[in-house]
Structure formats: structure tokens, C-alpha cells
Amino acid sequence: MKPIVAVIGRPNVGKSTLFNRMTRSKRAIVHDEPGVTRDRHYADVDAQGRRFTLVDTGGLDPTSDDPMTRGIKRQIDAALAEADVVVCVLDAREPATSIDHAEIQMLRRAAKPTVFIANKADSTAQELDSVELYRLGIERIIPVSALQGRRIDELEAAIVAALPPKADDEDAPPPEGDVPHIAVIGKPNAGKSSLINRLAGDDRMLVDSKPGTTRDAIDTTIERKGKSYVFVDTAGIRRKAKVKKEGDEVEGASVIQAIRAIERSEIVVLLTDAKEGVAEQDAKVLGLAVDRGRAIIVGLNKVDLLDKKELAKAEEDARDKLSFAPWVTFVRLSAKSGRGVDTLMSAIDEVAESFRKRVGTGELNRFFEKVLATRPPPTHGGRAPRLFFITQAETRPPVFVVQSSDPDQIHFSYQRFVMNQIRKSFGFEGVPLTVYYRRRRRRGEEGGRGGRG
């Protein structure tokens, strides 16, 4: 499984800017006002040949008695407990503060491998100013500029050096074997345990129930209608409003737990209360499942509490919030009454089959000929790129490769069209697809770049 790297520091030292820089994104809100980040952001990072999950945290002030600040502190404690490496962010342009001293003491007690950086070192002069921070008793501080990207490579190298040795399962491929592994995630009281109890209790054929390798996640092997399944139950991912109000550190651990459960599964079932809908935290964690190439089913639970019109609106709202993955499968059910549970299990069977499906090259290219005859790629610069043939390179999840004369000239809308046609023809609903466009090698060429859709 991927290591966890937590970014901590007092307010307004540039943690979120660093997070955005390292993840090549703008996922974290950046603002000059201290304390903008109150909960954590999660994203995967590829650096120096290693992959890890980066966790952004709120501004730390261990000396404050403010209820909100105490809640943030408990969130940070949760991230520290799960982290393999900590990145402690200091401000290169300011002398060490009492909060910095308290932070260093906290990290020494945590005894986690820690990389110390002095951010906002936007010039050589500011790098020299950062030496004042050695008064904190730190052996090494790396001056960086998250805003400009200065010395980020050096920071990444230090993080990778501090990571534990690479495990065999670090790249988190889905588990091998014929028995599908299904991670059940969602908010507290969404009905996760009720669903698993319903599945186990109906046939009275619970084979095994034991702690998984993920903290507090339970692997439950269930046999149903002659088929075996492993369900990975997780603690509830709490709504942000609830977290801000109560500052419960359990929420922090539950999100990381859900991430690790996803890595051990082929299929993710996001169970939601149909009346409450999909929460922002649900969508964030599901986004990580998409990044990891997992099949996804959204279960709208407790449908017996809604009328037909309310249920249609609930599904519409859920699809809108998860529009980044329009291919996910939706199932309406009631774990309490059993309504729709058979439909859910059928959906699990279907997406598991699609996840592992391989389409023969001959069949694929007969399909591709029809696609090209119906709608060839559009002309660009007076010439239309030629598409020669398509193959399926991988399964779990499915990956396709299209050989082309000029991959860079294939418009994203046409790439989306081809992907939709693959789904329509071969039934890959609920499963992420990747289609690479690569330049066909000519005699004497080493290869070429490709596109992705």
C-alpha cells in the first residue's frame, strides 16, 4: 500500500501551496488569511520513483484553547498517527515562534521520520535568512519556495529517503484471484454494517470474519448463491460540518482507513443515505478510488423513506456531485428491508466481470472499423490523423491502446467519443477505462508520444 506523508505547520506558512505544488493540482484552497485549511486534503504523488499519498492539514497551534483550533489539533494528531513520514513546514522569512517550538516538541514525541523545510525562500537572501530556524535544534532544514518551485526536487528526494522500504504491494494493484474484494465506504449511519449483516444473515453462510491489514477495517467473507465475496467494512467518513463542530480525531483516521481499504479492493461501494445525499468527503475519497482505477458502485440506501419523486431527485443530485466519474453504477436499495440488495449483488457481479474483461484484438478492430466508418477523427490543420488499430493492453482496470499517425492531433472530444463507444459496445459500465493514443512506429523510429483519454 502507498505510504502516507502528512504536511503540518502553523497557520499561513504555505502548506496548501506546497500541497498544490507537489500534487500538480489546485485542490487545496490557498489564501493569505491564516487557518483557511481546517480539514485534510488527500492526493497521490509520484516522486523520485516512489508513490505516496500526501495529506494536507490545517494550521497547528498547540498552545491555543480555541475550540476550533483544538479540533484542528485533533485532526493533525490523527494524520500524524497514520503517517509514515511528516513534512514540517516553517516560514523562512520569520524567526521561530512559540508555536514552532511547541510543534517541534510534539514531533519529537511522535517519533516519526520528519523532513523540515523553510518555505517562502523565494530568493537566495531569504534562503540565508532561514538559517535562524536552526535555533529550534533541527539537524537539517531545506529552504524551498512552494510558490516558485525552488528546491522542490530536493524536498521530494528527502521524503523518498525517509519513506519505509518499498513494499511489494505499494503500487496497490487490485487483489488477485476469482473472489472479488469490495470496499464499503460512506458516512456514519449510511447503513454499511446493516448491509453487510443483511448479506451475511440472509444465507446464514458467514465463512470468515477477521481484522484486515487496515486498522479497524473488517474483512468479511460471504457466500451468496454459490459465489464468494470479501467485503471490507470501514468506519464512517464523517461530514465536514460535523468534524468542524466536534473536532473528532476519529474522522481523520477513518478517511485514511477508507483509502487503505480501497487499495485492497477491486470494487468500491459508496453507500449513502438517499435523503442526505453524497457529501463532499464522500466525493473526495471516491475521487481517490477513481485515481486508483477501481470499479465503483453508488448505493442509494434507505429508499423506503422516500417517495418516487424524492428518490429521482436524490439520484440526480448524487450524479451531479460525482460528475467527474459519469460511468459509475447507481443502485437503489434498503439494507434494512432487503429491497434492492439482490440488484446490488448483481451489479457487483457485472462490474467485477467488466473489471477483468478482455476483448479479443479481432473483435476490437471489427468494432473500431465501424466506429471509424461512422465518425472518423476530425481534420486538424488541413489533415486528419489516421487511426490504424486498437488493442487491449491490460485488465483490472481495462486499458486500451490505439495506434495513430499523429496522437497529439486527436481532439479530447473524439477521445471521449471512442471511449463512450467502447462502453456502449462491450459493457464496461461502472469501470474506469483508459485509452492511450500512441504513434505507430515507422522503420528506424524509436517510438513516439501518445495521448490519453
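For the single chain, residues carry numbers from 1 onward in sequence order.
With sequence neighbours excluded, no residue forms a salt bridge (Lys or Arg N to Asp or Glu O under 4.0 Å) with Asp122. With sequence neighbours excluded, no residue forms a salt bridge (Lys or Arg N to Asp or Glu O under 4.0 Å) with Lys357. Partners of Asp406 under the salt bridge (Lys or Arg N to Asp or Glu O under 4.0 Å) rule, at least two apart in sequence or in another chain, are Arg439. With sequence neighbours excluded, the residues forming a salt bridge (Lys or Arg N to Asp or Glu O under 4.0 Å) with Arg319 are Glu315, listed by chain and number.
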Under 3.5 Å, which donor-acceptor pairs do the side chains of residues 110-117 form with other protein atoms, sequence neighbours left out?
from, atom 1, to, atom 2, distance (Å)
Lys112, NZ, Leu80, O, 2.6
Lys112, NZ, Ala81, O, 3.3
Lys112, NZ, Ala83, O, 2.8
Thr114, OG1, Lys112, O, 2.8

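With a 4.5 Å cut-off on side-chain heavy atoms, Leu300 and Thr272 count as touching. In this structure, Ser130 and Ile141 have side chains that are not in contact, with every pair of non-hydrogen atoms separated by 4.5 Å or more. Residues Phe52 and Met22 form a side-chain contact, since some pair of their non-hydrogen atoms from C-beta on lies under 4.5 Å apart. Taking 4.5 Å as the limit, some side-chain heavy atom of Lys166 sits within range of a side-chain heavy atom of Arg50. Met106 has its side chain within reach of Asp77: a pair of non-hydrogen atoms, C-beta onward, lies under 4.5 Å apart. The closest side-chain heavy-atom distance from Val5 to Val45 is not below 4.5 Å. Contact of the Leu18 side chain with the Ile152 side chain is registered, since non-hydrogen atoms from C-beta on lie closer than 4.5 Å. Side-chain atoms of Ile222 and Ile196, non-hydrogen and from C-beta on, do get closer than 4.5 Å to each other.
Put simply, the side chain of Glu266 never gets that close to the backbone of Arg396: no donor and acceptor are under 3.5 Å apart. Looking at Lys15, its side chain does come within 3.5 Å of a backbone N or O of Arg10 through a donor-acceptor pair. In this structure, Ser145 contributes its side chain and Ser123 its backbone to no donor-acceptor pair below 3.5 Å. The backbone N or O of Glu223 sits nowhere less than 3.5 Å from a side-chain atom of Ser228 that would complete a donor-acceptor pair. When atom types are taken as modelled, the side chain of Asn301 and the backbone of Ala335 share a donor-acceptor pair closer than 3.5 angstrom. Checking side-chain atoms of Arg93 against main-chain N and O of Asp129 turns up no donor-acceptor pair under 3.5 Å. Side chain of Lys227 to main chain of Val179: no donor-acceptor pair is present (N/O by atom type, distance under 3.5 Å, no hydrogens or angles). Without hydrogens or angle criteria, Asn197 side chain to Ser194 main chain gives no donor-acceptor distance under 3.5 Å. Between the side chain of Arg51 and the main chain of Asp44, no donor-acceptor pair closer than 3.5 Å is present. Of the possible donor and acceptor atoms, one in the side chain of Asp84 sits under 3.5 Å from a partner among the backbone N and O of Ile4.
Here the closest heavy-atom approach between residue Asp178 and residue Pro180 is recorded as O-CD, 3.3 Å. Closest approach of Pro3 and Leu163 over heavy atoms only: CB-CD2, 3.7 Å. For the residue pair Val431 and Phe355, the shortest heavy atom distance occurs at CG2-N, 3.8 Å. Smallest separation of non-hydrogen atoms from Lys120 and Ala92: C-CB, 4.3 Å. Between Phe330 and Ala318 the shortest heavy-atom distance is CE2-CB, 3.6 Å. Across every non-hydrogen atom of Ser265 and Arg294, the tightest pair is O-NE, 2.8 Å.
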Begin from the C-alpha positions of Lys2 and Glu263 and carry the test side-chain contact (heavy atoms from CB on, under 4.5 Å) through to its verdict. CA-CA 8 Å; Lys2 296 181 185 68; Glu263 292 183 344; 3.6 Å; yes
Start with the C-alpha gap between Arg198 and Leu344, add the side-chain angles, then the distance that decides, and say whether side-chain contact (heavy atoms from CB on, under 4.5 Å) holds.
-> CA-CA 12 Å; Arg198 163 71 59 178; Leu344 173 65; over 6 Å; no
Applying side-chain contact (heavy atoms from CB on, under 4.5 Å), run through Glu429 and Val351 and close with a yes or a no. CA-CA 7 Å; Glu429 289 301 319; Val351 300; over 6 Å; no
Q. How far apart are the C-alpha atoms of Asp100 and Thr97, what are their side-chain angles, what is the distance that settles it, and do they pass the side chain to side chain donor-acceptor pair (under 3.5 Å) test?
A. CA-CA 5 Å; Asp100 291 329; Thr97 67; 3.3 Å; yes
* Asked: Hey, mind stepping through Ile390 and Ile422 against side-chain contact (heavy atoms from CB on, under 4.5 Å) and telling me if it holds?
  -> CA-CA 11 Å; Ile390 182 172; Ile422 293 173; 4.1 Å; yes
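The salt bridge (Lys or Arg N to Asp or Glu O under 4.0 Å) pairs that include a residue from residues 140-159 are Arg24-Glu156, Glu127-Arg150, Glu127-Arg151, Arg140-Glu154, Arg151-Glu154, where partners are two or more places apart or lie in different chains.
Around the CG atom of Asn189, the shell of radius 6.0 Å holds no more than 12 heavy atoms that belong to other residues, nucleotides or ligands. Heavy atoms of other residues, nucleotides or ligands lying less than 6.0 angstrom from CD of Gln105 number more than 12.
The distance from the OG1 atom of Thr17 to the CG atom of Asn12 is 9.0 Å, given to the nearest 0.5 Å. In this structure, the separation between CG on Leu155 and CG on Asn119 is 9.5 Å, given to the nearest 0.5 Å. The CZ atom of Arg224 sits 6.0 Å away from the CE atom of Met345 when rounded to the nearest 0.5 Å. Interatomic distance, Arg358 CZ to Leu364 CG, rounded to the nearest 0.5 Å: 10.0 Å. Expressed to the nearest 0.5 Å, how far OH of Tyr229 lies from CD1 of Ile348 amounts to 7.0 Å. Here the straight-line distance linking atom CZ of Phe428 with atom CD of Glu350 works out to 13.5 Å at 0.5 Å rounding.
The one candidate from Thr329, Val290, Leu270, Leu322 that meets the side chain to side chain contact (heavy atoms under 4.5 Å, CB included) condition with Ile296 is Val290.
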